[in-house]
2 protein chains.
Amino acid sequence: MAEPRRREILDALAHQERSVGELAELLHVAQPVVSKHLKVLREVGLVEVRDDGRRRLYRVDSRPLREIHAWAGRYERLWEERFALVDEVLAELALESPDDAGRQ
Amino acid sequence: MAEPRRREILDALAHQERSVGELAELLHVAQPVVSKHLKVLREVGLVEVRDDGRRRLYRVDSRPLREIHAWAGRYERLWEERFALVDEVLAELALESPDDAGRQ
DNA sequence: CCAATGTATGCCGATATCGGAATGTGTCAA
DNA sequence: TTGACACATTCCGATATCGGCATACATTGG
């Protein structure tokens with residue numbers, strides 16, 4: 001239930017930094033709700049804050065997202081390698097016994 | 001609280017498919033716990049199952065991870081562009097008024 | 001200093017999630 | 001068919017999280 005809200009916030013901050021009130025208006029939720037989610041995102045390091053008078057401007061910190069990027073990319077590569085390996089094995093089998101090629 | 005467990009499971013499945021019992025032993029948790037997490041991961045589409053006799057072999061499905069990869073990559077690019085823009089502006093300022101370059 | 005604005009925090013009830021224990025379902029082996 | 005094995009599902013209590021509301025804190029303007 002929380003994840004979608006947080007993604008909304010991150011998406012809203014993707015292109016520009018925004019104040020808490022702006023975010024609350026964009027997401028059509030109460031201000032305290034936004035503040036709480038921002039607190040979590042801050043603690044996890046996904047967003048950074050900057051004081052601007054009585055407002056607080058939030059922006060995303062791309063470094064943790066880069067880690068997520070790398071993390072997801074690891075699996076992607078691993079399974080691409082695996083699929084490539086399967087292809088190799090199938091190709092070898094086809095060479096060794098052409099009659100069995102393509103069988104289930 | 002759930003996320004770390006699920007990441008553990010995904011990491012355990014990163015290189016090879018495993019049975020529920022194997023996962024339970026690797027993570028030092030009870031079998032029902034593993035089954036429940038696997039159910040969630042299945043519903044979200046992060047893992048796939050294959051029946052092998054009385055065992056069920058799980059493996060990761062890299063396609064959703066590819067989406068995560070793309071999602072995180074979006075932010076990465078956005079902010080790299082932003083930093084590049086800042087660099088450009090600074091460079092232009094340095095050209096227009098060399099005396100001000102490097103000031104706070 | 002005071003009032004207004006912008007934000008954060010504390011408390012609340014509702015809901016979701018976790019892990020544990022017991023139980024249900026399906027498959028193999030004898 | 002029966003018992004053993006592998007796994008899934010259900011029920012339970014404890015804990016976490018969400019959103020709403022009221023309120024506290026901080027900054028600005030007068």
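Each chain gets a letter, A, B and so on, in the order the sequences are listed, and its residues count up from 1. What's counted below: heavy atoms across the whole structure, side chains too, no hydrogens, waters or symmetry copies.
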- [ ] Take atom CZ of R18(B) and atom P of dC7(D), then tell me their distance rounded to the nearest Å.
- [x] 13 Å
TODO: Return the set of residues passing side-chain hydrogen bond (donor to acceptor under 3.5 Å, both in side chains) with R42(B) (not counting sequence neighbours), or none when no residue passes.
DONE: Y58(B)
Task: Nucleotide of dT7(C), dG19(C), dG19(D) approaching R56(A) most closely (side-chain heavy atoms) - done: dT7(C)
TODO: Please report, rounded to the nearest Å, how far the P atom of dT7(C) is from the CZ atom of R50(A).
DONE: 12 Å
- [ ] Starting at atom CG of L27(B), determine the distance to atom C1' of dC18(C), rounded to an integer number of angstrom.
- [x] 15 Å
TODO: Could you tell me whether K39(B) contacts a base, only the sugar-phosphate backbone, or nothing, with contacts defined as non-hydrogen atoms closer than 4.0 Å?
DONE: sugar-phosphate
Open item on the list: Under the rule for side chain to side chain contact (heavy atoms under 4.5 Å, CB included), what residues qualify as partners of R18(A), not counting sequence neighbours?
Closed with: A12(A), L13(A), Q16(A), E22(A), L23(A), L26(A)
TODO: Choose from dC7(D), dC18(D), dA21(C) the nucleotide whose nearest atom is closest to any side-chain atom of K36(B).
DONE: dA21(C)
Task: Separation of atom CD in E25(B) from atom C1' in dC7(D), rounded to whole Å - done: 16 Å
- [ ] Using a cut-off of strictly less than 4.0 Å, decide whether S19(A) has a side-chain nitrogen or oxygen near OP1 or OP2 of dT7(C).
- [x] yes
TODO: When you get a sec, tell me which of dA8(D), dG19(D), dT7(C) is the closest nucleotide to the side chain of V33(A)?
DONE: dG19(D)
Task: Any R6(A) side-chain N or O less than 4.0 Å from OP1/OP2 of dT17(D) - done: no
TODO: Go through the structure and list residues passing side chain to side chain contact (heavy atoms under 4.5 Å, CB included) with D51(B), not counting sequence neighbours.
DONE: R56(B)
Open item on the list: Output the rounded distance in Å from CG (L38(B)) to C1' (dG19(C)).
Closed with: 15 Å
Open item on the list: Less than 3.5 Å apart, any donor N or O on the side chain of H37(B) or R5(B) sitting next to an acceptor on the other?
Closed with: no
TODO: With sequence neighbours excluded, tell me which residues meet side chain to side chain contact (heavy atoms under 4.5 Å, CB included) with E48(A).
DONE: R59(A), D61(A), R63(A)
Task: Residue-phosphate contact under 4.0 Å: Y58(A) side-chain N/O, dG6(C) OP1/OP2 - done: no
Open item on the list: Is there a side-chain contact between H37(B) and the phosphate of dG19(C), meaning an N or O under 4.0 Å from OP1 or OP2?
Closed with: yes
Task: Results of side-chain hydrogen bond (donor to acceptor under 3.5 Å, both in side chains) for Q31(B) - residues two or more places apart only - done: S35(B)
Task: Separation of dG19(C) C1' from E8(B) CD (nearest whole Å) - done: 14 Å
- [ ] Return the value, rounded to whole Å, for the distance between atom CG of L41(A) and atom C1' of dA8(C).
- [x] 15 Å
- [ ] Would you kindly give the CZ-to-C1' distance between R55(A) and dT5(C), to the nearest whole Å?
- [x] 11 Å
Open item on the list: Could you measure the distance from the CZ atom of R50(A) to the OG atom of S19(A)? Nearest 0.5 Å is fine.
Closed with: 11.0 Å
- [ ] Sugar-phosphate atoms are those with a prime plus P, OP1 and OP2; base atoms are the rest. Using that split, label each nucleotide of nucleotides 22-30 of chain D B, S or - for protein heavy atoms under 4.0 Å, 5' to 3'.
- [x] B----BBS-
Open item on the list: I want to check one thing: is the phosphate of dT17(D), taken as OP1 and OP2, less than 4.0 Å away from some side-chain N or O of R5(A)?
Closed with: no
- [ ] Run through L38(A), V40(A), V29(A), L46(A) and flag the one making a side chain to side chain contact (heavy atoms under 4.5 Å, CB included) with I9(A).
- [x] L38(A)
Task: Minimum-distance nucleotide to A30(B) side chain [options: dG20(D), dG20(C), dT9(D)] - done: dG20(C)
